[in-house]
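The structure follows.
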Amino acid sequence: MKIASWNVNSIKARGDHVLRYLRESESDILMVQELKGLEFPKESIEAAGYHSHIVAQKAYNGVAIMSKTPFDVVQEALEGDASDEQARYLEIKIDDVHYINIYLPNGNPAPGTKYEYKLGWMKRLKHRVSALVESHTPFIIGGDFNVIPEGKDCHDPKTWKDDALFHIQTRKAFRSLLNLGLTDAFRVFNTGDKNYTFWDYQAGAWQKNNGIRIDHFLLSPLMADKLENCVINKEPRGWDKPSDHTPIELTLKLTP
DNA sequence: ATGGTCGTGTGACGA
């Protein structure tokens with residue numbers, strides 16, 4: 001079973017890319033982030049053989065899950081702050097496995113109110129993850145975490161020191177998530193540096209491979225044994241008019 | 001040292 005996650009940076013601008021990616025990758029599940037609007041090409045995605053569900057708002061944020069298999073929606077928001085109206089969380093369920101798609105806040109500039117929101121969001125996520133671990137629910141979390149976990153996940157750690165994506169408090173919060181027993185799927189197979197999922201549009205970052213690894217798949221304890229592979233597929237970042245992110249792909253063995 | 005690039009929606013702002 002293949003599951004992919006991709007920040008598409010506007011579904012309106014990248015609808016054709018998503019359809020092409022579904023065709024070429026033959027993913028069973030695709031999680032996308034940054035829809036950046038309310039429109040969604042549900043009909044053409046259905047024609048391609050996928051059920052879909054979106055959590056969206058005007059102009060900003062927005063997440064969606066596409067799946068060859070029908071699914072149940074578990075939650076369309078992260079609990080812990082009733083006043084939070086940003087479209088950043090979608091949790092679904094297929095055969096007792098929960099699939100969580102997140103678009104974690106960017107948080108810049110740090111310090112500031114946006115950074116406080118990011119840290120608060122990470123605390124709420126930890127709370128949700130704790131509940132799932134304690135109830136022995138098998139789950140995977142995929143998405144744009146806006147977290148550079150370690151120095152080797154960027155080209156030059158010095159330039160990222162004060163950024164909300166690499167700030168020590170951000171890395172601590174990410175680490176405390178992992179310490180609940182989650183596995184960073186990509187790092188099981190590849191411990192090397194220069195493996196990135198995002199390259200800025202500016203200053204030839206893509207051409208120079210000056211990127212960051214901020215899109216991740218985390219596996220719950222019960223799912224870790226089912227892990228077959230996890231890779232970054234750099235191809236779509238090289239397409240015409242690309243997203244600034246590229247997909248991360250997870251392969252699971254779900255049959256006993 | 002500075003600006004550089006996209007997307008939304010048509011203003012700046014977010015990333």
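Side chains included, hydrogens not; waters and symmetry mates left out as well; all remaining heavy atoms used. First the proteins, then the strands, lettered A, B, ... as listed; each starts at 1. Everything numeric in this text was worked out from a predicted model, so none of it was measured.
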Going by atom type alone, with no hydrogens or angles, which donor-acceptor pairs under 3.5 Å involve a side-chain atom of residues 30-41 of chain A and a protein atom two or more places apart or on another chain?
{"residue": "A/Q33", "atom": "OE1", "partner": "A/N7", "partner atom": "N", "Å": "3.2"}
{"residue": "A/Q33", "atom": "NE2", "partner": "A/S5", "partner atom": "OG", "Å": "3.1"}
{"residue": "A/Q33", "atom": "NE2", "partner": "A/N101", "partner atom": "OD1", "Å": "2.7"}
{"residue": "A/E34", "atom": "OE1", "partner": "A/N7", "partner atom": "ND2", "Å": "3.2"}
{"residue": "A/E34", "atom": "OE1", "partner": "A/Y103", "partner atom": "OH", "Å": "3.4"}
{"residue": "A/K36", "atom": "NZ", "partner": "A/N9", "partner atom": "OD1", "Å": "3.1"}

Who passes salt bridge (Lys or Arg N to Asp or Glu O under 4.0 Å) against A/D28, sequence neighbours left out? none
Taking 5' to 3' order, which nucleotide of DNA chain B is first and which is last to have an atom within less than 4.0 Å of a heavy atom in chain A?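 Contact span on the strand: B/dG4 to B/dA15.
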Expressed in whole Å, how much space separates the P atoms belonging to B/dG9 and B/dA15? 15 Å
Select from A/K114 and A/G37 the residue whose nearest nucleotide in DNA chain B is closer to the 5' end of that strand. A/G37
In whole Å, what separates the P atom of B/dT10 from that of B/dT5?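 To the nearest whole Å, 24 Å.
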Touch check for A/K58, heavy atoms < 4.0 angstrom, all strands: base, sugar-phosphate only, or nothing?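 If one applies the 4.0 Å heavy-atom cut-off, A/K58 turns out to touch the sugar-phosphate alone, with no base involved.
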Any chance you could pull the hydrophobic cluster mates of A/L177, using side-chain heavy atoms under 4.5 angstrom and chaining through other members? A/L78, A/Y89, A/I100, A/I102, A/L104, A/Y117, A/W121, A/M122, A/L125, A/V129, A/L132, A/V133, A/F139, A/I141, A/F145, A/V147, A/F174, A/L178, A/L180, A/L182, A/L218
Using the C1' atoms only, state how far B/dC6 lies from B/dA1, rounded to an integer number of Å. 24 Å
Select base, sugar-phosphate, or nothing to describe what A/Y103 touches, counting heavy atoms under 4.0 Å on all strands.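 It contacts sugar-phosphate atoms only.
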Output a table of donor-acceptor pairs, distance under 3.5 Å, between side-chain atoms of residues 205-212 of chain A and any protein atom two or more places apart or on a different chain; print 'none' if there are none.
{"residue": "A/K208", "atom": "NZ", "partner": "A/A203", "partner atom": "O", "Å": "3.0"}
{"residue": "A/N209", "atom": "OD1", "partner": "A/W199", "partner atom": "NE1", "Å": "2.9"}

Check this for me: A/E24, atom CD, are more than 12 non-hydrogen atoms of other residues, nucleotides or ligands nearer than 6.0 Å?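 Counting neighbours around CD of A/E24, more than 12 heavy atoms of other residues, nucleotides or ligands fall under 6.0 Å, so yes.
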Could you pull out all donor-acceptor pairs under 3.5 Å where a side-chain atom in residues 69-76 of chain A meets a protein atom, sequence neighbours excluded?
{"residue": "A/Q75", "atom": "OE1", "partner": "A/R128", "partner atom": "NE", "Å": "3.4"}
{"residue": "A/Q75", "atom": "OE1", "partner": "A/R128", "partner atom": "NH1", "Å": "3.4"}
{"residue": "A/Q75", "atom": "OE1", "partner": "A/R128", "partner atom": "NH2", "Å": "3.4"}
{"residue": "A/Q75", "atom": "NE2", "partner": "A/A77", "partner atom": "O", "Å": "3.0"}
{"residue": "A/Q75", "atom": "NE2", "partner": "A/E79", "partner atom": "OE1", "Å": "2.9"}
{"residue": "A/E76", "atom": "OE2", "partner": "A/H53", "partner atom": "NE2", "Å": "2.6"}

Gap in Å between the two C1' atoms, one belonging to B/dT2 and one to B/dT8, rounded: 26 Å
Contact nearer the 5' end of DNA chain B, comparing A/N9 with A/Q202: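 Going by which nucleotide is closer to the 5' end, it is A/Q202.
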